[in-house]
Amino acid sequence: MEEAQTAYFLDRYSRMTDEELSYLLVTRGDSLSEEAGNALRIVLSGRNPSGIREEIRATAADVGAQVQRANEDARKKAESERATRTGVRFACICLFVIGLFVLLLGPTEGGTALCVAAFAIFLYFEIHRLIRRFFAALFNPDSR
């Protein structure tokens, strides 16, 4: 069975371009099976070493840039969500304070309505955030 798998990988890898082989090495090089690793070594021994080396450097730089971009996008998204939460919380506090002020001026339904609305809006956004975090943690244990 090992020889059949090695032959399969040898056939597959021999058809790949230098760019495809370098991408395979950079992204999955450490997780290849023994047969796949042996076939890859055989194919790489027949290729131009300096060309492969340059392709690997270029691919590693490209993958690194993609990872940095993804991290930057995640950081920006987190900052945006944090700013939105802060704004909603501030608006809820303002509504609540205005409702309390209206209640202090006299027994009106407007002050009670503002206080209840502020509290309801605050609860809605906080419960929504907690539900999203729960489902994110449920399906992705690495998330916070």
Side-chain angles (χ1 to χ4, degrees), residues 1-2 4-6 8-44 47-144:
M1 186 71 165
E2 290 181 14
Q5 286 182 341
T6 303
Y8 167 76
F9 285 120
L10 189 59
D11 179 56
R12 192 158 181 208
Y13 295 157
S14 64
R15 294 180 190 178
M16 290 181 157
T17 64
D18 288 350
E19 183 178 341
E20 292 170 331
L21 287 172
S22 68
Y23 188 77
L24 177 69
L25 278 170
V26 169
T27 58
R28 295 187 183 95
D30 56 345
S31 63
L32 293 175
S33 67
E34 184 179 340
E35 293 84 8
N38 290 337
L40 187 59
R41 278 189 282 284
I42 292 169
V43 169
L44 288 176
R47 300 280 176 109
N48 179 10
S50 62
I52 291 286
R53 203 172 299 124
E54 289 301 316
E55 279 296 330
I56 290 173
R57 283 189 192 122
T59 303
D62 184 45
V63 170
Q66 290 175 9
V67 168
Q68 286 178 346
R69 175 67 180 189
N71 288 340
E72 183 68 22
D73 289 347
R75 187 186 63 77
K76 284 181 182 180
K77 182 180 177 187
E79 285 178 4
S80 174
E81 288 176 355
R82 190 172 27 257
T84 301
R85 278 195 314 273
T86 302
V88 167
R89 288 174 180 161
F90 182 73
C92 288
I93 289 171
C94 288
L95 272 178
F96 192 77
V97 169
I98 291 171
L100 287 178
F101 183 71
V102 170
L103 277 174
L104 289 176
L105 291 178
T108 62
E109 294 175 1
T112 305
L114 284 175
C115 288
V116 169
F119 189 66
I121 291 169
F122 175 76
L123 280 180
Y124 170 77
F125 281 103
E126 287 301 312
I127 290 172
H128 185 262
R129 182 180 67 87
L130 290 174
I131 289 172
R132 279 188 314 171
R133 287 184 64 178
F134 171 75
F135 280 110
L138 186 64
F139 294 112
N140 183 6
D142 296 331
S143 68
R144 298 190 305 146

Arg53: side-chain hydrogen bond (donor to acceptor under 3.5 Å, both in side chains) partners, not counting sequence neighbours: none

Please list all pairs passing the salt bridge (Lys or Arg N to Asp or Glu O under 4.0 Å) test where one or both residues lie in residues 95-124, with sequence neighbours left out. none

From Phe134 atom CZ to Phe139 atom CZ, the distance as rounded to the nearest 0.5 Å: 8.5 Å

Would Asp73 and Lys77 pass as an ion pair if we require N to O under 4.0 Å? no

Mind checking what makes side chain to side chain contact (heavy atoms under 4.5 Å, CB included) contact with Asn48, not counting sequence neighbours? Ser50

Using side chain to side chain contact (heavy atoms under 4.5 Å, CB included) as the criterion, list what pairs up with Leu130, not counting sequence neighbours. none

Can you name the residues that form a side chain to side chain contact (heavy atoms under 4.5 Å, CB included) with Leu95, not counting sequence neighbours? Leu114, Ala118, Ile121

Return the set of residues passing side-chain hydrogen bond (donor to acceptor under 3.5 Å, both in side chains) with Arg75 (not counting sequence neighbours), or none when no residue passes. Glu72, Glu79

Apply ring-ring contact (aromatic ring centres under 6.0 Å, His included) to Tyr13 and list each qualifying residue two or more places apart in sequence or on a separate chain. Phe9

Side chain to side chain contact (heavy atoms under 4.5 Å, CB included) partners for Leu10, two or more places apart: Ala39, Ile42, Val43

In terms of heavy-atom contacts, Ser22 and Thr59 come closest through OG-OG1, 2.8 Å

Selection residues 85-96 - residue pairs positive for side chain to side chain donor-acceptor pair (under 3.5 Å), sequence neighbours left out: Arg89-Glu126

Kindly state each residue pair satisfying salt bridge (Lys or Arg N to Asp or Glu O under 4.0 Å) with at least one member in residues 56-65, sequence neighbours excluded. Glu54-Arg57

Sorted by chain and number, sequence neighbours left out, side-chain hydrogen bond (donor to acceptor under 3.5 Å, both in side chains) with Arg132 holds for none

Minimum-distance pair of heavy atoms, taken over all atoms of Ile56 and Leu25: CD1-CD1, 3.6 Å

Hey, mind stepping through Ile93 and Phe122 against side-chain contact (heavy atoms from CB on, under 4.5 Å) and telling me if it holds? CA-CA 9 Å; Ile93 289 171; Phe122 175 76; over 6 Å; no

Under the side-chain hydrogen bond (donor to acceptor under 3.5 Å, both in side chains) test, which residues partner Tyr8, sequence neighbours left out? Arg12

